[in-house]
Structures are given as C-alpha cells and as structure tokens.
Amino acid sequence: MNAHFKVEADPVTNVVRHYLGGFFEAADVERYVAARNAAHLKLTSAPNQHVTLVDVRDMKIQPQEMVPAFAAMMSNPQYRSRKLAFVVSLSLARMQLVRASEGRAARFFTDMDEAEAWLMSYDDEAAEPPVSANDAFPADALTRRATR
C-alpha cells in the first residue's frame with residue numbers, strides 16, 4: 001500500500017542500514033528482501049561480521065500475516081549480522097517487531113545516535129540473550145535494554 005524502504009550497505013564500515021515505513025503487503029516484503037540481498041553484495045567483511053541498523057520509527061502496525069514474513073526474512077542465516085540494533089518509536093508496532101525478531105540477539109533503541117554508537121562499539125555485547133516474544137517491552141524497558 002504505502003510501504004517505503006531503503007537498504008544501504010557501507011563497504012568501508014560494513015554497516016547495513018535499513019529504513020522501513022508504512023504498511024507492507026507480501027509484494028513489498030519481497031521487494032524489500034531483494035533490496036537487502038543486493039545491499040549485502042557490497043559488504044567487504046567476512047560473512048556475518050557486519051552490523052545492522054534498522055530504523056522502523058515510521059513503520060505502521062502490520063497485518064498479522066506480515067509478521068511471519070518479516071521473521072522469515074530476519075532468520076535467514078546467510079544475512080545475519082554480528083550486531084543488530086532497531087530504532088523504534090514508542091508505538092504498538094514495536095510489539096510486532098519483537099515477535100518478528102524472536103531468537104535474534106537484538107537491541108532496541110529510541111535514539112538513532114545511541115543505536116549507532118552501540119553498533120560501532122568494539123565490545124562483545126552481541127552475545128546477549130535472544131529477544132523473546134514474551135518480553136513486555138513497556139516504554140521504560142526500551143531504555144533499560146538499550147543501556148545494559
């Protein structure tokens with residue numbers, strides 16, 4: 001419908017940036033996956049050694065059938081990143097994102113600069129426990145998780 005997205009890969013820093021907004025249908029997810037796959041061809045790091053920043057602040061609540069489509073896209077081991085950060089708004093759509101990213105060691109931020117700083121840090125915080133769909137994620141939990 002009104003889905004919009006952009007996927008950019010920086011071959012120098014090996015950061016993949018995703019920007020997603022609007023309301024997605026199956027065809028939009030397919031186009032998004034193709035854009036993600038093409039962006040990954042620009043990376044110069046070893047497989048799965050890049051970091052990923054996903055800005056979903058403009059994402060609308062998605063139809064329930066789109067959550068498994070995004071989950072399948074995110075679970076593809078060929079495109080997994082060493083670190084994964086989501087920049088989210090304080091909306092109901094973040095719960096869908098939590099469900100779609102279940103099983104991934106991801107962090108959620110409300111501030112883009114904080115997300116980028118975490119991604120570019122050289123600590124090994126990527127080994128956090130995976131996100132669980134059972135996490136409540138009230139607004140204060142986003143801050144707690146982002147500052148651990």
S.K.: Give a yes or no on whether the backbone of Val15 and the side-chain of Asp10 come within a donor-acceptor separation of less than 3.5 Å.
M.R.: no

S.K.: Taking the side chain as every heavy atom from C-beta outward, state whether Gln49 and Ser81 have any atom pair closer than 4.5 Å.
M.R.: no

S.K.: Work out which heavy atom in Val7 is nearest to a heavy atom in Arg36; give both atom names and the distance.
M.R.: CG1-CA, 3.9 Å

S.K.: Would a 4.5 Å heavy-atom cut-off, applied to side chains only, mark Val29 and Phe70 as touching?
M.R.: yes

S.K.: Could you tell me which non-hydrogen atom of Ser89 sits nearest to which non-hydrogen atom of Arg57, and how far apart they are?
M.R.: OG-O, 3.7 Å

S.K.: Check the angle between the aromatic planes of Tyr32 and Phe5 and answer parallel, tilted or perpendicular using the 30° and 60° thresholds.
M.R.: perpendicular

S.K.: Is a side-chain N or O of Asp55 found less than 3.5 angstrom from the main chain of Met112, in a donor-acceptor match?
M.R.: no

S.K.: Measuring only between side-chain heavy atoms, which start at C-beta, is Trp118 closer than 4.5 Å to Arg107?
M.R.: yes

S.K.: Please check this pair: side chain of Asp28 against backbone of Glu25, looking for a donor-acceptor N/O pair closer than 3.5 Å.
M.R.: yes

S.K.: I need the minimum non-hydrogen distance between Ala9 and Ala39, along with the two atoms involved.
M.R.: CB-O, 3.1 Å

S.K.: Hey, what do you get for CG (Asn48) to CZ (Arg82), rounding to the nearest 0.5 Å?
M.R.: 11.0 Å

S.K.: Any link between Tyr79 and Val56 through a network of hydrophobic side chains (Ile, Leu, Val, Met, Phe, Trp, Tyr) touching at under 4.5 Å?
M.R.: no

S.K.: Would you please test Glu116 and Arg17 for salt bridge (charged side-chain N to carboxylate O under 4.0 Å, His left out) and show each step?
M.R.: CA-CA 10 Å; Glu116 288 180 342; Arg17 289 180 171 82; 3.6 Å; yes

S.K.: Can Asn14 and Thr44 be counted as having a side-chain donor-acceptor contact under 3.5 angstrom?
M.R.: yes

S.K.: Could you state the interatomic distance from CG (Leu20) to NE2 (His18), rounded to the nearest 0.5 Å?
M.R.: 8.0 Å

S.K.: How are the rings of His50 and His40 set relative to one another: parallel (under 30°), tilted (30 to 60°) or perpendicular (over 60°)?
M.R.: perpendicular

S.K.: Rounded to the nearest 0.5 Å, what separation is found between the CD atom of Glu30 and the CE atom of Met73?
M.R.: 13.0 Å

S.K.: Do the side chains of Leu43 and Val16 get nearer than 4.5 Å, heavy atoms only?
M.R.: yes

S.K.: Establish, for the pair Lys6 and Tyr19, whether the NZ or CZ atom is under 6.0 angstrom from the six-membered ring centre and no further than 45 degrees off its axis.
M.R.: yes

S.K.: Please report the interatomic distance CD1(Ile61) to CE(Met66), rounded to the nearest 0.5 Å.
M.R.: 15.5 Å

S.K.: Got Phe23 and Pro63 here, is their nearest side-chain heavy-atom distance under 4.5 Å?
M.R.: yes

S.K.: Side-chain contact, heavy-atom cut-off 4.5 Å: Leu53 with Val87?
M.R.: yes

S.K.: Would you say the side-chain atoms of Gln62 pair up with the backbone N or O of Phe24, donor to acceptor, closer than 3.5 Å?
M.R.: yes

